[in-house]
Amino acid sequence: MQETSVSAYAVVQTGGKQYKVAVGDVVEVEKLEGEPGTEHTFPAVLHVDGGKVTSDADALAKVSVTGKVVEQTKGPKIRIHKFKNKTGYHKRQGHRQKLTRVEVTGISK
């Protein structure tokens, strides 16, 4: 059986969602305040360093994931169409979620 090399990564939570990130990754998260170049720190939910997995709350309090805002952007257009039969009711609406691109710069223990 071949042994695979697992690099260090973390699972962070922001905007009610969880993302698996490693150093150098660029992820799109729900809108964060700040201009491009601003640093943000995210709480880690899980940390994996090689074969060692950290999920204990006390140990995770020491783990911090930092990222730099790359740009503020918008997601794809979502079209919403509400319709009720036999009443002539139609409602059309659109939505574009505001997103922030973040580059992960470091995972510290």
Side-chain angles (χ1 to χ4, degrees):
M1 188 166 166
Q2 187 177 6
E3 194 172 311
T4 58
S5 171
V6 178
S7 61
Y9 67 88
V11 176
V12 297
Q13 183 171 1
T14 180
K17 298 177 182 74
Q18 294 181 354
Y19 302 91
K20 177 183 170 184
V21 297
V23 176
D25 286 353
V26 178
V27 292
E28 282 188 345
V29 298
E30 297 222 0
K31 186 168 180 2
L32 298 171
E33 295 299 323
E35 296 296 319
T38 306
E39 291 282 329
H40 279 279
T41 304
F42 302 100
V45 178
L46 179 76
H47 180 250
V48 176
D49 188 11
K52 184 180 173 198
V53 178
T54 305
S55 61
D56 182 42
D58 295 332
L60 285 174
K62 300 172 188 170
V63 176
S64 66
V65 178
T66 57
K68 181 176 70 171
V69 174
V70 176
E71 69 174 333
Q72 302 288 352
T73 183
K74 288 184 178 180
K77 179 87 169 196
I78 297 172
R79 300 188 198 296
I80 302 151
H81 183 211
K82 295 182 180 180
F83 170 79
K84 294 204 178 187
N85 197 15
K86 300 178 185 172
T87 62
Y89 174 77
H90 289 271
K91 182 178 180 182
R92 291 184 183 89
Q93 188 176 357
H95 176 74
R96 287 187 75 183
Q97 183 67 38
K98 293 182 179 179
L99 301 171
T100 303
R101 268 205 169 127
V102 177
E103 179 183 3
V104 178
T105 56
I107 300 174
S108 65
K109 293 188 252 182

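The ring-ring contact (aromatic ring centres under 6.0 Å, His included) pairs that include a residue from residues 56-87 are His81-His90, Phe83-His90, where partners are two or more places apart or lie in different chains. Residues in residues 59-68 take part in these side-chain hydrogen bond (donor to acceptor under 3.5 Å, both in side chains) pairs, two or more places apart or across chains: Ser64-Ser108, Thr66-Thr105. The ring-ring contact (aromatic ring centres under 6.0 Å, His included) analysis of residues 32-68, with sequence neighbours excluded, yields no pairs.
Between Val63 and Ala44, the shortest heavy-atom contact is CG1-CB, 3.8 Å.
Residues Val11 and Val48 share a single hydrophobic cluster, defined by chaining ILVMFWY side chains whose heavy atoms lie under 4.5 Å apart. No path of Ile, Leu, Val, Met, Phe, Trp and Tyr side chains, each step under 4.5 Å between heavy atoms, connects Val69 with Val65, placing them in separate hydrophobic clusters.
Shown here are the side-chain hydrogen bond (donor to acceptor under 3.5 Å, both in side chains) partners of Lys17, two or more places apart in sequence or in another chain: Glu30.
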Side chains of residues 20-28: which donor-acceptor pairs under 3.5 Å do they make with residues two or more places apart or in other chains?
from	atom 1	to	atom 2	distance (Å)
Asp25	OD2	Ala22	N	2.9
Glu28	OE2	Arg101	NH2	3.4

If you look only at distance, which donor and acceptor atoms sit under 3.5 Å apart when one is on a side chain in residues 93-100 and the other is two or more places apart or in another chain?
from	atom 1	to	atom 2	distance (Å)
His95	NE2	Gln97	OE1	3.1
Arg96	NE	Gly75	O	3.0
Arg96	NH2	Gly75	O	3.4
Thr100	OG1	Leu32	N	2.9
Thr100	OG1	Gln72	OE1	2.8

Acceptor/donor pairs from residues 50-57 side chains to any protein atom, 3.5 angstrom cut, sequence neighbours excluded:
none

